[in-house]
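A short write-up of the structure that comes next.
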Number of protein chains: 2
Amino acid sequence: MAKITKTRGYPIGQMSRLTGVNIETIRYYERIGILPKPDRTAGGNRQYSHDQLKRLSFVARSRALGFSLNEIRSLFEMVDRDDFSCSEVHTLTTGHLASVRAKIDHLQRLETALEGMAAKCSRGDVPDCPIIDTLFEAL
Amino acid sequence: MAKITKTRGYPIGQMSRLTGVNIETIRYYERIGILPKPDRTAGGNRQYSHDQLKRLSFVARSRALGFSLNEIRSLFEMVDRDDFSCSEVHTLTTGHLASVRAKIDHLQRLETALEGMAAKCSRGDVPDCPIIDTLFEAL
DNA sequence: CCTTGTATCTGTAGTTGCTACAGATCGTAT
DNA sequence: ATACGATCTGTAGCAACTACAGATACAAGG
């Protein structure tokens, strides 16, 4: 008879290696409810299932795309409802896209302003700096 | 004889109004040493000089350009040394500019990825979403 | 069985740049 | 004298982690 291979699941270090998520961060995600509490060994070590691995990698991917943890929470809520509609997801995604574009726009303005300041600068050794002057400009 | 107009200086609320910096934030800047401790009235209220007003507005401008508080600290150190060289300031500024550009670059990659995901989405009412699929992609 | 060494555990505090109270006092106009 | 707004201190919260310290757990070798 074949031995029952009671799969022991992944310890946290392996989860970390597989997803690239820091161990402390994985525990953090559990603490704030982004990840469900995993099983424990007799001694108290976490044992993750393959499903939980998929969840963590979902979180990692989403974070890499700039989704906030709250947005990820919403995505999970939709998925877990399991009658979620694609258009809800689309809405959340385009909302996030809009905020990314707003950030780009803001940073590009900063870029222009900084370029202007740096260009005015003679880079000399003298304590008369157009950059500082600009920053100190009268109210 | 003309009355000695002992200039009372600006109370914190006026500093806030003049610079657009929140009162709590002004006190925070003082606490972390970005702004010097102002004089106090007999009763203990802060009284700011015009010089301090200029400093606060310098901070506000710099923050608006995305400089971190530590960068601003460095700028003040240079200015206060009062033999600072313009090229030091230039270096700090272009360093900051580089980090702004890096952020823009990063966000543009996110933008592209998000656009791609959103475009694949049929926006239907069905629970079969290419966005979710992408996020759940196998390791 | 015992030791060694790595992995993991919990709990707490630090990071950045603010913001938001609560409860007390100040300052000024009437 | 009193009312009202402005200010005071001190603490705790936000996002999203990261970094310890000090205590166990677990797996492999002798």
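In what follows, chains are A, B, ... by sequence order, proteins preceding strands, each numbered from 1. For the numbers below, each heavy atom of this structure counts, side chains included, while hydrogens, waters and symmetry mates do not.
Atom CD1 of A/I26 is separated from atom P of D/dA16 by 17 Å (rounded to the nearest Å). As a whole-Å value, the separation of A/R31 CZ from D/dA16 C1' is 11 Å. The CG atom of A/L35 sits 11 Å away from the P atom of D/dC17 (whole-angstrom rounding). Protein atom CG of B/N70 is 11 Å distant from nucleotide atom C1' of C/dG17, rounded to whole Å. The CD-C1' distance, from B/E30 to C/dC18, rounds to 16 Å in whole Å.
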Check the interface with nucleotides 3-5 of chain D: list each N/O to N/O pair with the protein under 3.5 Å, or write none.
none

Could you list all N or O pairs between the protein and nucleotides 7-10 of chain C that sit under 3.5 Å apart?
{"unit_1": "C/dT8", "atom_1": "OP1", "unit_2": "A/G13", "atom_2": "N", "d": "2.8"}
{"unit_1": "C/dT8", "atom_1": "OP2", "unit_2": "A/G13", "atom_2": "N", "d": "3.4"}
{"unit_1": "C/dC9", "atom_1": "OP1", "unit_2": "A/R46", "atom_2": "N", "d": "2.7"}
{"unit_1": "C/dC9", "atom_1": "OP1", "unit_2": "A/R46", "atom_2": "NH1", "d": "2.9"}
{"unit_1": "C/dC9", "atom_1": "OP2", "unit_2": "A/R27", "atom_2": "NH1", "d": "2.6"}
{"unit_1": "C/dC9", "atom_1": "OP2", "unit_2": "A/R46", "atom_2": "NH1", "d": "3.2"}
{"unit_1": "C/dC9", "atom_1": "O5'", "unit_2": "A/R46", "atom_2": "NH1", "d": "3.3"}
{"unit_1": "C/dC9", "atom_1": "O3'", "unit_2": "A/R40", "atom_2": "NH1", "d": "3.4"}
{"unit_1": "C/dT10", "atom_1": "OP1", "unit_2": "A/R40", "atom_2": "NH1", "d": "3.1"}
{"unit_1": "C/dT10", "atom_1": "OP1", "unit_2": "A/R40", "atom_2": "NH2", "d": "3.0"}
{"unit_1": "C/dT10", "atom_1": "OP2", "unit_2": "A/R46", "atom_2": "NH1", "d": "3.0"}
{"unit_1": "C/dT10", "atom_1": "OP2", "unit_2": "A/R46", "atom_2": "NH2", "d": "2.8"}

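The side chain of A/Y28 approaches D/dC17 more closely than any other nucleotide in the set D/dC26, C/dT19, D/dC17.
Over its length, the helix from C/dC1-D/dG30 to C/dT30-D/dA1 turns its helix axis by 30°, as judged from the five terminal pairs at each end, rounded to 10°.
A close approach under 4.0 Å does occur between a side-chain nitrogen or oxygen of A/T25 and OP1 or OP2 of D/dT18. Residue A/Y29 places none of its side-chain N or O atoms closer than 4.0 Å to OP1 or OP2 of D/dA16.
Under the ring-ring contact (aromatic ring centres under 6.0 Å, His included) criterion, B/F67 pairs with B/H96, sequence neighbours left out. For B/Q108, the side chain to side chain contact (heavy atoms under 4.5 Å, CB included) partners two or more places apart in sequence, or in a different chain, are A/I104, A/Q108, B/I104, B/E111. For B/V79, the side chain to side chain contact (heavy atoms under 4.5 Å, CB included) partners two or more places apart in sequence, or in a different chain, are A/I132, A/F136. Take A/H50 and apply the side chain to side chain contact (heavy atoms under 4.5 Å, CB included) test, not counting sequence neighbours, and it matches A/Y10, A/L53, A/K54. Partners of A/D105 under the side chain to side chain contact (heavy atoms under 4.5 Å, CB included) rule, at least two apart in sequence or in another chain, are A/R109.
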Show which side-chain atoms of residues 27-34 of chain A pair as donor or acceptor with protein atoms under 3.5 Å away, not counting sequence neighbours.
{"unit_1": "A/R27", "atom_1": "NH2", "unit_2": "A/E24", "atom_2": "OE1", "d": "3.1"}
{"unit_1": "A/E30", "atom_1": "OE1", "unit_2": "A/R46", "atom_2": "NE", "d": "2.7"}

What side-chain donor-acceptor pairs closer than 3.5 Å can you find for residues 11-19 of chain A, not counting sequence neighbours?
{"unit_1": "A/S16", "atom_1": "OG", "unit_2": "A/V21", "atom_2": "O", "d": "2.7"}
{"unit_1": "A/T19", "atom_1": "OG1", "unit_2": "A/M15", "atom_2": "O", "d": "2.7"}
{"unit_1": "A/T19", "atom_1": "OG1", "unit_2": "A/V21", "atom_2": "N", "d": "3.2"}

Step-by-step side-chain contact (heavy atoms from CB on, under 4.5 Å) determination, B/E77 to B/E88: CA-CA 11 Å; B/E77 268 165 34; B/E88 283 181 281; over 6 Å; no
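Taken from CG in A/D80 to CG in A/L75, the straight-line distance is 10.5 Å, to the nearest 0.5 Å. Put simply, OG on B/S85 and CE on B/M78 are 8.0 Å apart, with the number rounded to the nearest 0.5 Å.
A/L135 is listed as a side-chain neighbour of B/L65, based on a closest heavy-atom distance under 4.5 Å.
Partner of A/M117 under the side chain to side chain contact (heavy atoms under 4.5 Å, CB included) criterion, out of A/D133, A/T112, A/T134: A/T134 alone.
Sorted by residue number, the list of members of residues 53-69 of chain A with any non-hydrogen atom under 4.0 Å from DNA chain C is empty. Contacts between residues 91-109 of chain A and DNA chain D, defined by a heavy-atom separation below 4.0 Å, involve no residue at all.
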